[in-house]
Each structure stands twice: as structure tokens, then as C-alpha cells.
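Input: a single structure, listed below in C-alpha cells.
Values below: every heavy atom of this structure, side chains too, minus hydrogens, waters and symmetry copies.
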Amino acid sequence: MIGNLKLKRFEEVNLVLSGGAAKGIAHIGVLKALEELGIKVKRLSGVSAGAIVSVFYASGYTPDEMLKLLKEVNWLKLFKFKTPKMGLMGWEKAAEFLEKELGVKRLEDLNIPTYLCSADLYTGKALYFGRGDLIPVLLGSCSIPGIFEPVEYENFLLVDGGIVNNLPVEPLEKFKEPIIGVDVLPITQERKIKNILHILIRSFFLAVRSNSEKRKEFCNVVIEPPLEEFSPLDVNKADEIFLRGYESTLRIMRNFVKH
């Protein structure tokens, strides 16, 4: 989808990456395609899965390196299951892993300016962090309520920002570069609901799906990879999901580059 901008040549863009759990792997394909087209990402804004991809890319990982790491890691081993109080899983092991892999302590130290969206459970408001301690802010952006423990940070109790804003374009509106929004959470039908984790994630994404629609109006281009047949838990289909993001971006964005 092309928004409120006539066709022109893009050299630098600001990129907004939505949440979507495993479907967020498509964001890596988007980045790969933009690099091949010679389009530089000047700034990033992400939430949940989009926040993770944004941070890894902004810390210096290439799309190929991100995909390789994604397929090598046993993600369930990074989450500590516990007696439910604030959530089914804790973040301790994941925090250690991220600190080791990213090697960056603060958001403002990333190579590309990056904004992460979380929701404050106390006030119900969306928060957009462009500065601060990287790991707690990142984990807070991904903390799906009921599944993961909320993250205490400063005076906030952070949960997944997708609750209030699953396409956080707001931090990028003040800049001159065109905005590309990537929405990896299409409305889908699922016939096989496997377990309580699947139920919770499915219910969460059904609830947050609608809040991104109005924000697409503020993007110059919106990329929506065809991911209808994939589940938010389909990490084992990483190559296929990556390819959907890659091919969609090449198809749409080749009209905006110099030939």
C-alpha cells in the first residue's frame, strides 16, 4: 500500500516494525530487501517482535546474521517457567542472552537511532523510549500480559506495547524522511489451537489487531507480507516467513529506487 506520497526515489527512510511474535521474522526479510535496493534505514521504531528486530539490526547485526541466530537458538530455554503470579514465564535467562549478544547497554548507544514502544500497566498509556537502559525496555516491549512477567523500569510497569499501539509511527513523524510501516499481523483464521500458550497469544493478537489500522495513514508506504497461513508460534518456519517479507518488500519498493 502506498500512502500520502507521490512515487519518488527513496535513499533514506524511517522504518516502523509491528509486533507479531514469529511473524516478526518477516521484518528481517524486509531489511534484507531494503539493503539490496540500496535504501538506508535512518531510524527505527518497533514494538514486541518488531522491537527485537529493530534492536538487533541497530546494534550491527546483518539480516543474514539475525536469521542464522534465530534458527540456532532454542528459544524456550531462554524462558524460565514459574508458578504464575505476574506471568507464566520470567525474563532472567533471556536478559542474560540479550546482554551477551547485543553488547549494548543503552538505547542511545545503538548504531541507528531506535525507539521502542511499551505500555505502562499503571496508566494504560503508550511509552516510546529512545533513551534508557536497553534490556529492560526491550523486554518490556515484548511482555505479553499473562504469558511473561511485566518489567519494572523507573516508575513504570512495562508490558507489550502492542496492547495500545502495534504500529508505533509516532516517534518518527517529526523527521523529514519517508516512513515505511511494516505490518506482519494480518487477520487470520486458525483451526488448530494447540495449547494454553497458543490460546493466550492468539487472544492477545486478536485484541491488538485493530489499533494499527489508523496509524497506517501516517506512513508513506505500508508493507503487509502475506502471512495469513502462519501462526504466531511458527518459529520453525523462519525461512518461509523471512522470504515473505523479503519478496513483498522487493515488489513494492523497487518502484522507489534509482534504476
For the residue pair Asn236 and Asp234, establish whether any side-chain heavy-atom pair is separated by less than 4.5 Å.
yes
Would you say that Val257 contacts Phe10 through its side chain, given a criterion of any heavy-atom pair below 4.5 Å between the two side chains?
no
Find out whether Val73 and Phe97 are in side-chain contact, i.e. whether some heavy atom of one side chain is under 4.5 Å from a heavy atom of the other.
yes
Filter on side-chain hydrogen bond (donor to acceptor under 3.5 Å, both in side chains), then keep only pairs touching residues 110-121, sequence neighbours left out; what's left?
Asp120-Thr123
Which value, rounded to the nearest 0.5 Å, describes the distance between Phe242 atom CZ and Met66 atom CE?
9.0 Å
Within the structure provided, determine whether Pro145 and Pro150 are in side-chain contact (heavy-atom separation under 4.5 Å).
no
Are the side chains of Arg215 and Val16 in contact, using a 4.5 Å heavy-atom criterion?
no
What one should report as the nearest heavy-atom pair of Pro225 and Ala26 is CG-CB, 4.2 Å
Side chains of residues 173-182: which donor-acceptor pairs under 3.5 Å do they make with residues two or more places apart or in other chains?
| unit_1 | atom_1 | unit_2 | atom_2 | d |
| --- | --- | --- | --- | --- |
| Glu177 | OE1 | Asn14 | ND2 | 3.4 |
| Glu177 | OE1 | Arg43 | NH1 | 2.7 |
| Glu177 | OE2 | Lys42 | NZ | 3.3 |

Locate the shortest heavy-atom distance separating Cys219 from Leu167; write the atom from each residue and the value.
SG-CD2, 4.3 Å
Among Val184, Asp183, Leu185, find the one that has a side chain to side chain contact (heavy atoms under 4.5 Å, CB included) with Leu227.
Val184
Could you work out, with side chain to side chain donor-acceptor pair (under 3.5 Å) as the rule, every residue matching Tyr122, not counting sequence neighbours?
none
What residues form a side-chain contact (heavy atoms from CB on, under 4.5 Å) with Thr249, not counting sequence neighbours?
Val30, Ala33, Leu34, Ile223, Met253
Salt bridge (charged side-chain N to carboxylate O under 4.0 Å, His left out) partners of Arg131, counting only residues at least two apart:
Glu108
Where do Gly140 and Leu158 come nearest, in terms of heavy atoms and distance?
CA-CB, 3.7 Å
When you measure from the side chain of Trp91 to the backbone of Val151, do you find a donor-acceptor pair of N or O atoms at a distance under 3.5 Å?
no
Please report the closest heavy-atom contact between Gly162 and Asn166, naming both atoms and the distance.
CA-OD1, 3.7 Å
Evaluation steps, side-chain contact (heavy atoms from CB on, under 4.5 Å), between Arg244 and Glu229:
CA-CA 11 Å; Arg244 295 294 177 90; Glu229 71 264 39; 2.6 Å; yes
With sequence neighbours left out, write down each residue that passes side chain to side chain donor-acceptor pair (under 3.5 Å) with Lys68, or none if nothing qualifies.
Glu72
For Glu101, enumerate each residue passing the salt bridge (charged side-chain N to carboxylate O under 4.0 Å, His left out) test, keeping only those at least two apart in sequence or located in another chain.
none
Taking it one step at a time, do Lys216 and Glu213 satisfy salt bridge (charged side-chain N to carboxylate O under 4.0 Å, His left out)?
CA-CA 6 Å; Lys216 293 177 183 178; Glu213 289 302 312; 3.0 Å; yes
Verdict with reasoning, Leu17 to Leu15, per side-chain contact (heavy atoms from CB on, under 4.5 Å)
CA-CA 7 Å; Leu17 304 181; Leu15 191 62; 3.7 Å; yes
In this structure, would Tyr128 and Ile112 fall into the same cluster of hydrophobic residues linked by side-chain contacts under 4.5 Å?
no
Which distance, rounded to the nearest 0.5 Å, do you find between the NZ of Lys23 and the CG of Leu233?
10.0 Å
Could you walk me through whether Leu107 and Leu116 pass side-chain contact (heavy atoms from CB on, under 4.5 Å), step by step?
CA-CA 9 Å; Leu107 266 166; Leu116 304 184; 3.9 Å; yes
First locate atom NZ of Lys237, then atom CG of Leu243, and finally report the distance between them rounded to the nearest 0.5 Å.
14.5 Å
Can you sort out the partners of Val104 under side-chain contact (heavy atoms from CB on, under 4.5 Å), two or more places apart, ordered by chain and number?
Ser59, Asp109, Leu110, Leu134
Name every donor-acceptor pair, under 3.5 Å, that has one atom in a side chain of residues 47-58 and the other anywhere in the protein, sequence neighbours excluded.
| unit_1 | atom_1 | unit_2 | atom_2 | d |
| --- | --- | --- | --- | --- |
| Ser48 | OG | Asp160 | OD2 | 2.7 |
| Ser54 | OG | Gly50 | O | 2.7 |
| Tyr57 | OH | Glu35 | OE2 | 2.8 |

Considering non-hydrogen atoms only, spot the tightest contact between Pro168 and Pro171 and give its length.
O-CD, 3.4 Å
side-chain contact (heavy atoms from CB on, under 4.5 Å) between Asn165 and Glu170: does it pass, once the steps are laid out?
CA-CA 10 Å; Asn165 187 351; Glu170 285 85 344; 2.8 Å; yes
Hey, what do you get for NZ (Lys93) to CG (Leu98), rounding to the nearest 0.5 Å?
14.5 Å
Residues in salt bridge (charged side-chain N to carboxylate O under 4.0 Å, His left out) contact with Lys105, at least two apart in sequence or another chain
none
Is there side-chain contact between Asp64 and Lys32, with heavy atoms separated by less than 4.5 Å?
yes
With Ala238, which residues qualify under side-chain contact (heavy atoms from CB on, under 4.5 Å), at least two apart?
Ile25, Leu67, Leu70, Lys71
If you round to the nearest 0.5 Å, how far is CG of Leu157 from CD of Glu149?
10.0 Å
Measure the CD1-CD distance between Ile28 and Glu65 for me, rounded to the nearest 0.5 Å.
11.5 Å
A side-chain contact here means heavy atoms from C-beta on lying under 4.5 Å apart; do Val159 and Ile144 qualify?
no
Sequence neighbours excluded, which residues qualify as ring pair (Phe, Tyr, Trp, His ring centres under 6.0 Å) partners of Tyr153?
Phe129
